[in-house]
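What follows is one structure encoded as structure tokens, with my remarks underneath.
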Amino acid sequence: MSAKKNLDLGSFAQDVLLGLSSKPKSIPSKYFYDATGDKLFQEIMAMPEYYLTRKEFEILENQHEAILEKILSKKEPFNLVELGAGDGLKTKILLRHLDKVGAEYTYFPIDFSGTVLAELKESLADELPNLEVKTIEDTYRGSLLKREWENGRPSFILFLGGNIGNFPLKEAHDVLDHLRIGTVFGDEVLLGFDLKKNPQTILDAYHDKDGVTREFNLNLLRRMNRELGANFVLENFMHWPSYNPVNGECRSHLVSLKNQNVDILDLNQAFEFEAHEPIFTEISKKYSLSEIKKLAQRSGFELKESFLDQDRYFADVLWERI
Ligand SMILES: C[S@@+](CC[C@H](N)C(=O)[O-])C[C@H]1O[C@@H](n2cnc3c(N)ncnc32)[C@H](O)[C@@H]1O
């Protein structure tokens with residue numbers, strides 16, 4: 001494959017080429033979310049085993065007043081900046097409260113998906129027509145370096161949903177270093193962390209009995225078949241999530257069940273899979289409360305308060321930039 005040919009490829013094709021040429025093989029998890037993947041993820045969030053969304057919802061529903069107390073007590077206009085806003089379903093709990101108390105602020109949702117941002121903006125125009133919304137289509141790190149929201153007002157940054165858990169620790173450190181660069185003294189950050197807990201509870205969330213998470217992972221192969229002219233045979237791969245209670249990493253893999261070659265027409269290339277060779281698809285790292293405190297300290301923030309659900313499964317923690 002020549003360099004010229006690489007430049008002509010779309011980013012999905014380039015990332016697949018890079019990922020399947022690496023050892024171990026991998027596909028970036030952001031490619032889960034095509035129309036089918038979006039639908040499957042909605043199903044995952046509704047599964048009894050997938051506690052994460054429900055638990056964070058509970059925290060925000062029950063404790064939003066305490067979470068927003070300090071920024072509101074300043075009684076001055078502020079920026080509400082959200083990294084990886086998605087559909088904003090949980091954020092709307094905070095937005096509705098801010099609307100109710102007549103807070104003066106601008107909401108800056110950041111997401112690298114322009115489609116997601118357009119949908120969010122439209123739904124907010126319906127639900128909260130007086131809210132000033134300025135969308136930023138960018139990555140976490142790109143947006144934190146550019147700080148387009150900077151206007152002399154204090155900022156309250158949201159990084160919800162365990163988004164930080166989608167990075168292994170070293171990369172999470174890098175993202176948090178960017179968070180430090182993107183904030184000034186006194187800014188507050190609300191971060192979501194899925195907590196370490198009974199390993200079986202964690203594993204079940206990624207390995208449900210109805211096989212929805214399996215379908216969600218296999219959809220990556222379907223997507224390559226459809227969009228890149230690949231010929232993956234889905235029955236020849238199995239979904240294999242695992243949880244390591246030592247480092248808190250829950251990792252998902254698709255494991256090749258036999259020696260096989262897969263052709264990808266758009267890449268003009270065949271990829272060889274040995275029997276039992278894995279493709280890494282996703283990480284979701286779990287933290288303990290003491291690890292979260294240390295993480296705040298090493299990143300230049302002070303842990304102000306931790307808000308937990310009743311079962312202590314999930315935490316939204318308030319950090320202040322020092
Ligand atoms: C799993 S959703 C969570 C959305 C929301 N924060 C929640 O808690 O429900 C993650 C969102 O972050 C976006 N995202 C993931 N990685 C990103 C990155 N590196 N930069 C910007 N957006 C990202 C995705 O497009 C998606 O909309």
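As the structure is a computational prediction, the values presented were derived from the model and not from experiment. Every number for a ligand or one of its atoms is a count from 1 in the order of the listing.
Regarding atom 2 (S) of ligand 1, its nearest protein heavy-atom neighbour is Asn163 OD1, 4.3 Å. In this structure, the protein non-hydrogen atom closest to atom 25 (O) of ligand 1 is Asp111 OD1, 2.6 Å. The protein heavy atom nearest to atom 15 (C) of ligand 1 is Tyr140 OH, 3.3 Å. Of the protein's heavy atoms, Gly84 O, 2.8 Å lies nearest to atom 6 (N) of ligand 1.
Paired with Leu83 under the rule side chain to side chain contact (heavy atoms under 4.5 Å, CB included), one option of Leu144, Ile164, Asn163, Leu158 passes, and it is Leu144. Results of the side chain to side chain donor-acceptor pair (under 3.5 Å) test with Tyr107 over Glu82, Glu132, Lys134 single out Glu82 as the only residue that passes. Each of Leu98, Leu94, Leu95 was checked for a side chain to side chain contact (heavy atoms under 4.5 Å, CB included) with His64, and the lone residue meeting it is Leu94.
Think of Phe280 as one node in a network of Ile, Leu, Val, Met, Phe, Trp and Tyr side chains linked at under 4.5 Å; its network also takes in Ile283.
Residue Lys90 has at least one nitrogen or oxygen atom sitting less than 3.5 Å from a nitrogen or oxygen atom of ligand 1, judged on distance alone. Where the criterion is an N or O separation shorter than 3.5 Å, residue side chain and backbone included, Phe112 meets it with respect to ligand 1.
For the residue pair Gln200 / Asp204, a side-chain donor-acceptor distance below 3.5 Å is found, with atom types taken as modelled.
Compare Ile110, Asp138, Val116 by their heavy atoms: the one nearest to atom 21 (C) of ligand 1 is in Asp138.
The structure places CZ of Phe232 at 8.0 Å from CZ of Phe271, a figure rounded to the nearest 0.5 Å.
In summary, the atoms of ligand 1 found under 4.0 Å from a heavy atom of Thr139, numbered by their order in the structure, are 20 (N), 21 (C). Per-residue contacts place Gly161 under 4.0 angstrom from the following atoms of ligand 1 (heavy atoms of the residue considered): 8 (O).
Not a single heavy atom of Leu158 sits under 4.0 Å from any atom of ligand 1. Not a single heavy atom of Lys30 sits under 4.0 Å from any atom of ligand 1.
Relative orientation of the Tyr31 and Phe12 rings is tilted, given thresholds of 30° and 60° on the angle between their planes. Classified by interplanar angle (parallel below 30°, tilted 30° to 60°, perpendicular above 60°), the ring pair Phe32/Phe216 is parallel.
Residue-level proximity to ligand 1 for Ala85 is carried by the backbone, the only part with a heavy atom below 4.0 angstrom.
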